[in-house]
There are 2 protein chains.
Amino acid sequence: MARVTYHHGNLREALVDAGLELTRSGGAGAMVLRDATRQVGVSPNAAYRHFADRESLLGAVAVAIQERMSDRMESYVAPAPAGQSGARARLTAVGLGYIDFAIAEPGWFEVAFAGTRQHSDTATPAPLARLLEALDALVASGELDRAARPGAEWPCWSAVHGFALLALTGPLRDLPAEAVRAAARRTVEAIITGLLG
Amino acid sequence: MARVTYHHGNLREALVDAGLELTRSGGAGAMVLRDATRQVGVSPNAAYRHFADRESLLGAVAVAIQERMSDRMESYVAPAPAGQSGARARLTAVGLGYIDFAIAEPGWFEVAFAGTRQHSDTATPAPLARLLEALDALVASGELDRAARPGAEWPCWSAVHGFALLALTGPLRDLPAEAVRAAARRTVEAIITGLLG
DNA sequence: TCCACTATGTTGACAGCGTACACATGCTGG
DNA sequence: CCAGCATGTGTACGCTGTCAACATAGTGGA
């Protein structure tokens, strides 16, 4: 894959792709700037023409991950709306989708959300947007009081986000997968019940 | 504070203390091994007589932080038990204490719980032990069905842990403190209601 | 058509990091 | 009193992120 022209042509995107590959297995710590440039076949400093520093590249990778995560969450939502309470099922699906993505792609999840870095790039990360939509639908269906809507995303996001982290790095880490799934479902149900009740 | 004897005398503890100081403001990334040894007035390699590597020292610091956190959570619990449902108030206090510690000491919280590192040192981190006690009390008071007790800690911990992270590095970061407190209370109430209901 | 400009990539260097290996020091028990 | 062991030091290595100076090439105006 050796480059033949002096200029790469699409280095920025190529570096983000390399970052995706590196972080997928190793998390944020594996996003070594020199590794990314090596993988692309470019000198380390070439990265600085497109990103201010390592952190900035990592931020771009995080945004790319958030979009993938949002896509996967939508694939969970799609089959859900059949049933009596489509809106509630949809919210449940969004939550479980979030958790499943975190468990399936721990490295990516860490970069997208678990890092200490502020992800101020996007005002609203794509997965959060999916949650907001689901909550709005719950208001539209009359299941959630309109007055209770503002701020309702925080309990929801807190629960699924926290659960994802416990499942990845916390004590749920080495439970059998089925037990983890059951705990996830219970957590999501509990927070929704608590919110509506 | 120059040392006069060749041997330090209590290097292990001194390094943990240095780690506490470093991480308090800068989080896990600020725990630079060479900085810790410099601060103690010892050569970098001296640390390796007490810790296998940087990660191991960081783990010891994390345990120390967890104990401080547990102490602070107990100070929240103490004034609570007066009232009709002492057990429920106690659980609420544990949750809010967890969140308040995280907001008050973001660097420490990151090391103790937010890091990607597995904290397998202690089987049950001290703050989690406080939560388990509060849940047991809820069973004893009859408010939580005994059959629902196993695994009840996961929804609870998920909610407060997730909230703490959102408040530190997520979108709740730059809300006014009062709004954050309100959201925290709502989150804790919601998860408890969802659990009992 | 040519040429200056600008965007993009390279080379070389630096300080700082975690850590390995060999050595120095000093406490402690037989 | 001395051997052995725990503890601390010195030196060195490879790696990292990043800076400054330079090389290359695509591009728009004369």
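Bear in mind the structure is a predicted one, so any value in this text is a computation, not a measurement. Below, read A as the first sequence line, B as the second, and so on, with proteins coming before strands; counting in each chain starts at 1. Heavy-atom basis, side chains included; hydrogens, waters and symmetry copies ignored.
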Exercise. Stepwise, does the side-chain contact (heavy atoms from CB on, under 4.5 Å) test hold for B:L20 with B:W108?
Worked result: CA-CA 8 Å; B:L20 284 172; B:W108 279 353; 4.1 Å; yes
For this session: Report yes if the distance between the aromatic ring centroids of A:F113 and A:Y98 is under 6.0 Å, otherwise no.
Result: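 Under 6.0 Å, so yes.
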Exercise. Under 4.0 angstrom, heavy atoms only, what part of the nucleic acid is B:G29 near: base, sugar-phosphate, or nothing?
Worked result: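 Contact class for B:G29: none.
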For this session: Mind checking B:R12 for me? I need base, sugar-phosphate or nothing, with any heavy atom below 4.0 Å counting as a touch.
Result: nothing
Exercise. If each of A:A46 and B:R54 is mapped to the nucleotide of DNA chain C with the nearest heavy atom, which maps nearer the 5' terminus, i.e. the 5' end?
Worked result: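 Per heavy-atom nearest nucleotide, the more 5' residue is A:A46.
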Would you mind reading off the distance between [X] atom [atom1] and [N] atom [atom2], rounded to a whole angstrom?
| X | N | atom1 | atom2 | answer |
| --- | --- | --- | --- | --- |
| A:H8 | D:dT24 | NE2 | C1' | 16 Å |
| B:Y48 | D:dG8 | OH | P | 15 Å |
| A:M31 | D:dT16 | CE | P | 12 Å |
| A:L22 | D:dG17 | CG | P | 11 Å |
| A:R38 | C:dT11 | CZ | P | 14 Å |

Problem set entry | Charged N-O contact under 4.0 Å between A:R24 and A:E105 |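 Judged by the 4.0 Å cut-off on N to carboxylate O distance, A:R24 and A:E105 do form a salt bridge.
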Exercise. Is A:R68 salt-bridged to A:D71, going by a charged N under 4.0 Å from an acidic O?
Worked result: no
Exercise. Is there a donor N/O on one and an acceptor N/O on the other, under 3.5 Å, for the side chain of B:D35 and the base of C:dG16?
Worked result: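 It does not, because no donor-acceptor pair links the side chain of B:D35 to the base of C:dG16 below 3.5 Å.
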Problem set entry | Side-chain-base donor-acceptor pair under 3.5 Å for A:R34 and D:dT18 |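 Checked by distance alone, the answer is yes.
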Of the listed nucleotides [options], the one nearest the side chain of [X]:
| X | options | answer |
| --- | --- | --- |
| A:S43 | C:dT8, D:dT18, C:dT10 | C:dT10 |
| A:D53 | D:dT18, C:dT8, D:dT16 | D:dT18 |
| B:R49 | D:dG17, D:dG8, C:dC21 | D:dG8 |
| A:V42 | D:dG17, C:dT10, C:dG18 | C:dT10 |
| B:N45 | C:dT8, D:dT11, D:dT16 | D:dT11 |

Exercise. Sub-3.5 Å donor-acceptor pair from the side chain of A:R49 to the main-chain atoms of A:A46, do we have one?
Worked result: no
For this session: Could you tell me whether the phosphate oxygens of C:dG9, OP1 or OP2, come under 4.0 Å of any side-chain nitrogen or oxygen in A:H50?
Result: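 So the side chain of A:H50 is within the cut-off, an N or O lying under 4.0 Å from OP1 or OP2 of C:dG9.
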Problem set entry | First encountered from the 5' end of DNA chain D, between B:N10 and A:L33 |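 Nearest-nucleotide comparison on DNA chain D picks B:N10.
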